[in-house]
Amino acid sequence: MIRLHHCPQTRSMRSLWLLHELGIEFAVKTYGFGPEIKAETYLDLNPTGRVPSLEIDGDVLFESGAIAEVLCERHPDAGFGRGAGDPERAAWLNWVHYAETVSQHVAALTQQHVMLFEDWMRSPTVMKLEAARLRKCYGAIDDALGGQAYLLPCGFSAADIGVGQAVYMGAHFAALDGFEHLQDWMARLQARPAFQASLPDDANRLYQQDFYPAWEQPK
């Protein structure tokens, strides 16, 4: 039995996308981004009160990188992992976990733009700093994609899912302009049926805007 605990447009989206790519049977329990994942019943499952959480054959995983590794190891024929001894193993692991490097900046920007409701709570300095750091992340990805369609030379993998989902989130705050390889790669990823299946409907979006421009403190 596989059950994913998921909030739309959060890190758990990368786990949902991978499950759809694998084409295996699974259930999804979807939560709002708020008190539901702080309830005692959920905290018994994941004491951090965050998503994703993946119930899988009696175990509970709550790190998206670990979820990717376990799912790919259980379904090697899908070709989304790179096993021990594979020449791309080190690079695959590096990119799977690089998704969190990108996501930490996205999380800070989400906090500033979406979760803080009063203007006086927001910091233009933090917003601009985190957006600049996010674009530095884009640069590293863009460089890696020069001359190849996906992050690894041998083709699409869970590394593209993890990093691609993080960039999809980041693009709400820092434009992809100037990163041609990155833009082309994202277009390929977003055309995949499994990516489309992992998107929420309009009523359940965390981000109600497609783009949040840097906020200026009123004078």
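None of the values given here were measured: they were computed from a predicted structure. Values below: all heavy atoms of this structure, side chains included; hydrogens, waters and symmetry mates excluded.
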Subject >> Distance in Å, Leu206 CG paired with Met115 CE, rounded so as to fall on 0.5 Å steps >> reply: 6.5 Å
Subject >> Residues forming a salt bridge (Lys or Arg N to Asp or Glu O under 4.0 Å) with Lys128, sequence neighbours excluded >> reply: Glu216
Original post:
Would you say Glu180 has more than 12 foreign heavy atoms packed within less than 6.0 Å of its CD?
Top reply: no
Original post:
Of all heavy-atom pairs between Ser53 and Tyr42, which one has the smallest distance, and what is that distance?
Top reply: OG-OH, 2.7 Å
Original post:
Going by the angle between their ring planes, with limits at 30° and 60°, are Phe156 and Trp17 parallel, tilted or perpendicular?
Top reply: tilted
Original post:
Side chains of Tyr212 and Gln112: donor-acceptor distance under 3.5 Å anywhere?
Top reply: no
**OP:** Show your reasoning for whether ring-ring contact (aromatic ring centres under 6.0 Å, His included) applies to His5 and Tyr31.
**Re:** CA-CA 7 Å; His5 297 261; Tyr31 302 81; 5.7 Å; yes
Subject >> Close side-chain approach of Val106 to Leu109, heavy-atom, < 4.5 Å >> reply: no
**OP:** Enter the distance from Ser15:OG to Leu54:CG here, rounded to the nearest 0.5 Å.
**Re:** 6.5 Å
Original post:
Partners of Trp95 by ring pair (Phe, Tyr, Trp, His ring centres under 6.0 Å), sequence neighbours excluded?
Top reply: Tyr98
Subject >> pair Phe26-Leu71: side-chain heavy atoms closer than 4.5 Å >> reply: no
Original post:
Is the shortest heavy-atom distance from the side chain of Arg188 to the side chain of Tyr150 under 4.5 Å?
Top reply: yes
Subject >> Taking every non-hydrogen atom, the tightest pair across Val102 and Cys137 >> reply: CG2-CB, 4.1 Å
Original post:
Where is the tightest heavy-atom contact between Ala131 and Ala174, given as atom of each residue plus distance?
Top reply: O-CB, 4.0 Å
Original post:
When rounded to the nearest 0.5 angstrom, what is the spacing between CG in Leu22 and CG in Leu19?
Top reply: 6.5 Å
**OP:** Would you indicate whether the side-chain heavy atoms of Glu130 and Phe173 approach each other to under 4.5 Å?
**Re:** no
Original post:
So which of Leu182, Leu189, Leu151 actually passes side-chain contact (heavy atoms from CB on, under 4.5 Å) with Val163?
Top reply: Leu151
Original post:
Which pairs with one or both residues in residues 138-164 pass salt bridge (Lys or Arg N to Asp or Glu O under 4.0 Å), sequence neighbours excluded?
Top reply: none
**OP:** Sorted by first residue and then second, give each salt bridge (Lys or Arg N to Asp or Glu O under 4.0 Å) pair with at least one member in residues 86-104; sequence neighbours left out.
**Re:** Arg11-Glu100, Arg14-Glu100, Arg82-Glu88
**OP:** Apply salt bridge (Lys or Arg N to Asp or Glu O under 4.0 Å) to Asp210 and list each qualifying residue two or more places apart in sequence or on a separate chain.
**Re:** Arg205
**OP:** Only pairs at least two apart or in different chains count here, so list each salt bridge (Lys or Arg N to Asp or Glu O under 4.0 Å) that has a residue in residues 20-42.
**Re:** Glu21-Arg192
